[in-house]
There are 2 protein chains.
Amino acid sequence: MDGMPVSDLSSAAQDYLKLIWSATEWSATPVTVGVMAERLGVRPSTVSDGIKKLARQGLVAHAPYGSIELTDEGREHAVAMVRRHRLLETFLVDVLGYGWDEVHDEAEVLEHAVSDKLIGRLDRKLGHPTRDPHGDPIPTPDGKPHLPEGTQLSAAAAGGTVAITRISDADPQMLRYFTQLGLAPDTRLTVREHRPYADVTTIRLHGPDRDIDLGASASDAIWVVAV
Amino acid sequence: MDGMPVSDLSSAAQDYLKLIWSATEWSATPVTVGVMAERLGVRPSTVSDGIKKLARQGLVAHAPYGSIELTDEGREHAVAMVRRHRLLETFLVDVLGYGWDEVHDEAEVLEHAVSDKLIGRLDRKLGHPTRDPHGDPIPTPDGKPHLPEGTQLSAAAAGGTVAITRISDADPQMLRYFTQLGLAPDTRLTVREHRPYADVTTIRLHGPDRDIDLGASASDAIWVVAV
DNA sequence: GGCAAATGTTAGGCTTAACGAACAATAATG
DNA sequence: CATTATTGTTCGTTAAGCCTAACATTTGCC
Ligand SMILES: [Mn+2]
Ligand SMILES: [Mn+2]
Ligand SMILES: [Mn+2]
Ligand SMILES: [Mn+2]
C-alpha cells in the first residue's frame, strides 16, 4: 500500500512533491503551475508536463487548468523529502558550522543523494531535532510533521510580546539581513504598530531594546507566537 | 589554466575520470573501454561514446581502439573526485558509525552532490585525515595524493612480517568476509607460504595467532608493507 | 456579458545518457 | 599467416528534463 521508496523518484519529481507540500504548510493559497514554475526557476510548460506525469503515477491530483494537490501517496513522499531537507540543514549548521543563510542550496542538492539509512544515522547523531535552523518543524520518520504554530508577524496583534518560531528560508539574502538585525528563531520582541498603507511593521527587539521597521516581505517571512 | 570546477561535470563524467585514475593507482594495466564498462556496469558502446566526449573536452587522451589516459586537466578533476569519495567514506565511518563495508555505495552517490565548501568543512571536522576506512590515501585539496606504498599480499615475500596498508573497497561482500577474519588496515601478519597452482596464500594473523588461507582474489585485494 | 490579459497546455526540438545491432579493428589460435 | 574470437565503434532509438512558440482556457475588468 505504500508503494516505492522516495529514493526511486527522480530529483525533479522529488522537488515537485516537496514544493507542493511546503507551499501549503504555512498558507492555504492553492498551488498552481505558475507558482511552481516561479519557485523552481523553470518554465510553466516544464511544470505542466511534469505534473501530468506525477498525476499519471498517482502522486498528485490535477485536472487541466485546475490547482494541484497531493494524493496520500504523494504526501508521504513529500514529507520524506521535507524531513531530509531539514535534517540536512540542521546537520550543516550544527556539525559543520555553516551559517543558517548558507544551508538551503546545499541541502537542496544533498536531499536527492542521501539514503534513508544516512538520514536515520544523522537524526540519531543530531539527537532527533524537532526544528531546523530556520525554525521549521522536522517531520518524524513516519511522516507526522511536528505541528507548526504561530502567525506571520505581519498579522500579529500590535502591542503583543512574541517569540519568533520560524523564518522562511526561501531567500538567503533576507536571512543575512535578519542576522544583522539580530532576528533569529527564539528571538523575543514586541509588536509596536502596523502602518497599513506603508506596509511597515515596527517591532521592538528585547535585550538591545532597538526599534526596527520591517517591510511586507520581511514581516511575512517571520512567524511568531505569543509568550 | 585550470578550467572549470569539477562540480560542472556531469555525474557520469565525474565517475569516468575517477575510475580511470583509480584503475592506475595500484596497478599499471592499461585502462580500456571494456574494463570501464565492466566496472561501471554499463555497455561498452556507452563508454565508447562517453570517452569520445571527454576526449573532445580535453580531459582524456584516446585514439580509437587505443587505451585511455588522463590529460593534466582530467587528472585534476579525477583527483578531486577521489578526494571527495574518500573523505565522505571517512565521514560515514568516523561520524555516523557506518561499517567500512557499508560506505562505498553511499559515497559513490554523495560525491556528486557535495560542494567544495562542504568537503572543506568535512576535512576540517575530521582532522584532515590521510587515509580512508579502507586504507586508501586521501589526496590533498591541491591534488597531491599521499603516496601509496606496499605490494599486494599475493606478491609479498613468504616468511616476512607485514602490516596491512589498504584493502580494495571494490567488493563490499569481500570486506564483510575480511571483517569476520579480523583483517583490516593496520592488522599485522606473517606470510607463511604461497601455493602457486592452487592460488592460495597462507598467512598467520598476529594476536590471535590464527592461520588463514586466502584465494587469489582476496590476496590481490590486500596490500601490505614490511614492518 | 464580452473582450483582453493572464495563465496553462500542447507540440516540436535539444541535450544527455543509456541501450542494441551492425560493423570495424585488433588479438589469439591453429 | 589465415581465420576466428574478442574488443571497440558507429548509428538509430528511447526516456528524462528542459526549452520556445503556438494555441487553449480561465479570469478580471469595462
Ligand atoms: Mn532539491
Ligand atoms: Mn529550512
Ligand atoms: Mn559516483
Ligand atoms: Mn575507499
Side-chain angles (χ1 to χ4, degrees), chain A residues 4-20 23-24 28-70 74 77 81 105 108-109 111-113, chain B residues 4-20 23 29-70 74 77-78 81 108-109 111-113:
Chain A
M4 87 218 66
V6 69
S7 326
D8 288 358
L9 296 168
S10 71
S11 293
Q14 290 177 340
D15 277 339
Y16 282 16
L17 297 175
K18 177 162 66 75
L19 171 51
I20 298 166
T24 48
T29 27
V31 182
T32 63
V33 167
V35 168
M36 293 191 62
E38 155 87 42
R39 294 219 211 164
L40 291 166
V42 298
R43 305 265 122 193
S45 58
T46 304
V47 173
S48 188
D49 278 352
I51 289 298
K52 196 165 36 161
K53 210 165 53 162
L54 289 180
R56 252 190 275 116
Q57 291 173 83
L59 301 175
V60 304
H62 176 239
Y65 299 99
S67 69
I68 300 157
E69 260 153 60
L70 293 168
H77 294 319
M81 289 309 299
D105 293 353
E108 197 58 57
V109 178
E111 65 191 5
H112 309 292
Chain B
M4 88 219 67
V6 68
S7 326
D8 288 359
L9 296 167
S10 71
S11 293
Q14 290 176 339
D15 276 339
Y16 282 17
L17 297 175
K18 178 163 65 78
L19 171 52
I20 299 166
T29 25
V31 182
T32 62
V33 167
V35 168
M36 292 190 62
E38 155 86 41
R39 293 219 213 164
L40 292 167
V42 298
R43 309 262 106 197
S45 58
T46 305
V47 173
S48 188
D49 280 350
I51 289 297
K52 196 166 37 160
K53 209 165 57 162
L54 289 179
R56 253 191 274 115
Q57 291 174 84
L59 301 175
V60 305
H62 177 238
Y65 299 99
S67 70
I68 300 157
E69 261 154 58
L70 293 168
H77 294 318
M81 289 310 298
E108 196 58 56
V109 179
E111 64 191 4
H112 308 293

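Annotation: the span from B:Ile51 atom CD1 to B:Ile20 atom CD1 amounts to 4.5 Å, rounded to 0.5 Å.
For the pair A:Ala23 and A:Val31, the tightest heavy-atom approach, listed with the atom from each and the gap, is CB-CG2, 3.9 Å. Closest non-hydrogen pair, A:Thr24 versus A:Thr29, comes out as CG2-O, 4.2 Å. The two atoms that bring A:Ser67 and A:Pro30 nearest to each other are CB-CB, 3.9 Å, heavy atoms only. Summarising the geometry of A:Leu17 relative to A:Leu54, their closest heavy-atom pair is CD2-CD1, 4.0 Å, with the distance given to 0.1 Å.
For the pair A:Lys18/A:His77, no side-chain contact is recorded, criterion being any heavy-atom separation below 4.5 Å from C-beta on. In this structure the side chain of B:Leu9 never reaches within 4.5 angstrom of the side chain of B:Tyr16, judged on heavy atoms.
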Subject >> Contact pattern, 5' to 3', of nucleotides 14-27 of chain D - B, S or - by protein heavy atom under 4.0 Å >> reply: --SSSBB---BSS-
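The outermost nucleotides of DNA chain C lying under 4.0 Å from heavy atoms of chain A, listed 5' to 3', are C:dG8 to C:dT10.
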